[in-house]
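First comes the structure, then the notes that go with it.
What you see below is based on every heavy atom in this structure, not just the backbone, and it leaves out hydrogens, waters and symmetry mates. Both ligands and their constituent atoms are indexed starting at 1 by order of listing.
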Amino acid sequence: MVMVENHFNFNKEDLPPSARNLYKEISDCPNCELARERSQTVPGSGPVPCNLMLIGEAPGKNEDEQGLPFVGRSGKLLDQLLADIKLTRSDVYITNVVKCRPPENRDPTPTEVATCGDFLSRQIELVNPRVIVTLGKFAMARWFSGMTISKIRGQAINESGRWVMPVFHPAYVLRTRLTNLPLIQADFARIESLLQTPPSVGTVGVEAEISNITEIENLQK
Ligand code: URA
């Protein structure tokens with residue numbers, strides 16, 4: 001296990017006890033296949049609570065070595081996207097759908113995603129963000145099951161009083177040779193106004209900016 005000083009000054013000791021307890025539980029988790037091959041778990045980074053939460057897919061090699069999310073190439077792009085909107089890592093809470101590296105960076109299986117799902121629910125409760133940005137299709141699927149990311153990216157829904165907005169995964173943007181960079185930049189540019197305009201409280205279930213989920217589904221047809 002390589003422990004490296006992180007450039008964004010995240011220190012687990014600064015977290016409230018509730019979050020530290022959850023991190024400990026995650027680090028001891030034996031509940032799926034991924035526990036066998038990990039060097040360490042990657043629970044998340046950033047302050048708790050926090051207004052903005054970003055959720056990715058799964059740790060890769062660098063994350064598995066350092067115990068921190070998004071520290072490889074995708075992380076560099078993420079840092080740049082945040083810098084473009086005048087945010088740093090210290091302003092955001094970042095985690096993944098699964099907390100352990102899938103071997104060879106394969107996709108996490110539905111069982112692995114489901115097994116880790118309770119940890120993610122508890123993190124969302126503790127972080128209590130105003131805005132959740134899902135990075136890529138695995139995080140998106142928790143709220144937008146069966147939908148196509150290229151059709152709904154950049155559109156926020158109200159989920160129990162907080163905005164949830166899907167965007168492309170930074171690794172996808174890199175894989176597509178940055179042709180999608182302007183789209184992810186445009187989506188990130190929306191974050192500030194979402195942070196400043198909480199969705200109306202008391203609305204039931206999914207109240208989208210574009211009025212409701214049926215309209216989002218119609219966009220796909
Ligand atoms: N690093 C992460 O922590 N998560 C991803 O989804 C990709 C890279």
Side-chain angles (χ1 to χ4, degrees), residues 1-12 15 19 22-23 26-27 29 32 34-35 37-48 50 52-83 87-110 112-117 119-120 123-124 127 129 132-144 149-150 153 164-178 180-181 183-184 187-188:
M1 183 189 306
V2 187
M3 295 301 287
V4 196
E5 194 74 16
N6 60 80
H7 66 282
F8 40 95
N9 295 327
F10 169 68
N11 188 344
K12 284 184 196 157
L15 292 169
L22 179 58
Y23 279 34
I26 291 172
S27 72
C29 176
C32 81
L34 299 182
E37 298 203 33
R38 69 182 180 220
S39 307
Q40 59 189 311
T41 55
V42 182
S45 69
V48 175
C50 187
L52 176 59
M53 182 172 194
L54 307 183
I55 306 176
E57 177 182 324
K61 183 171 182 296
N62 296 298
E63 290 79 17
D64 175 77
E65 285 174 358
Q66 298 186 36
L68 292 165
F70 283 94
V71 289
R73 283 185 70 223
S74 303
K76 289 218 171 70
L77 176 55
L78 188 57
D79 284 342
Q80 187 55 52
L81 291 163
L82 290 171
L87 295 177
T88 69
R89 290 271 180 140
S90 320
D91 300 313
V92 297
Y93 185 88
I94 306 181
T95 189
N96 285 300
V97 169
V98 299
K99 316 300 183 205
C100 301
R101 181 192 183 200
E104 312 301 327
N105 295 344
R106 66 161 170 75
D107 287 347
T109 66
E112 290 158 359
V113 171
T115 307
C116 234
F119 286 142
L120 183 55
Q123 280 176 302
I124 294 170
V127 175
I132 293 175
V133 175
T134 61
L135 306 167
K137 62 183 181 183
F138 284 90
M140 180 189 101
R142 185 181 171 104
W143 289 276
F144 304 86
I149 195 163
S150 56
R153 48 145 277 277
V164 180
M165 179 174 71
V167 306
F168 287 138
H169 195 289
Y172 172 75
V173 175
L174 291 172
R175 264 201 319 279
T176 52
R177 298 174 178 210
L178 301 181
N180 289 298
L181 184 61
L183 296 183
I184 198 171
D187 296 345
F188 267 69

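Taking only nitrogen or oxygen atoms, main chain and side chain alike, Pro69 does not reach within less than 3.5 Å of ligand 1. Geometrically, ligand 1 and Pro59 share no nitrogen or oxygen pair separated by less than 3.5 Å.
Of the possible donor and acceptor atoms, one in the side chain of Arg38 sits under 3.5 Å from a partner among the backbone N and O of Ser27. For Glu57 (side chain) and Ala139 (main-chain N/O), no donor-acceptor pair under 3.5 Å exists by modelled atom type.
Annotation: the span from Ile55 atom CD1 to Ile132 atom CD1 amounts to 5.0 Å, rounded to 0.5 Å. Distance check: Ser45 OG to Arg89 CZ gives 6.0 Å after rounding to the nearest 0.5 Å. Atom OG of Ser39 and atom CZ of Arg101 lie 8.0 Å apart (nearest 0.5 Å). Rounding to the nearest 0.5 Å places CE of Met140 at 5.5 Å from CD1 of Ile149.
Considering only non-hydrogen protein atoms, atom 4 (N) of ligand 1 sits nearest to Asn96 OD1, 2.7 Å. The protein heavy-atom contact nearest to atom 5 (C) of ligand 1 is Ala58 O, 3.1 Å.
Annotation for ligand 1: atoms under 4.0 Å from non-hydrogen atoms of His169 are 5 (C), 6 (O), 7 (C).
Residue Ala171 does not touch ligand 1, judged by heavy-atom distances below 4.0 Å.
When the heavy atoms of Glu63, Glu57, Lys61 are ranked by distance to atom 1 (N) of ligand 1, first place goes to Glu63.
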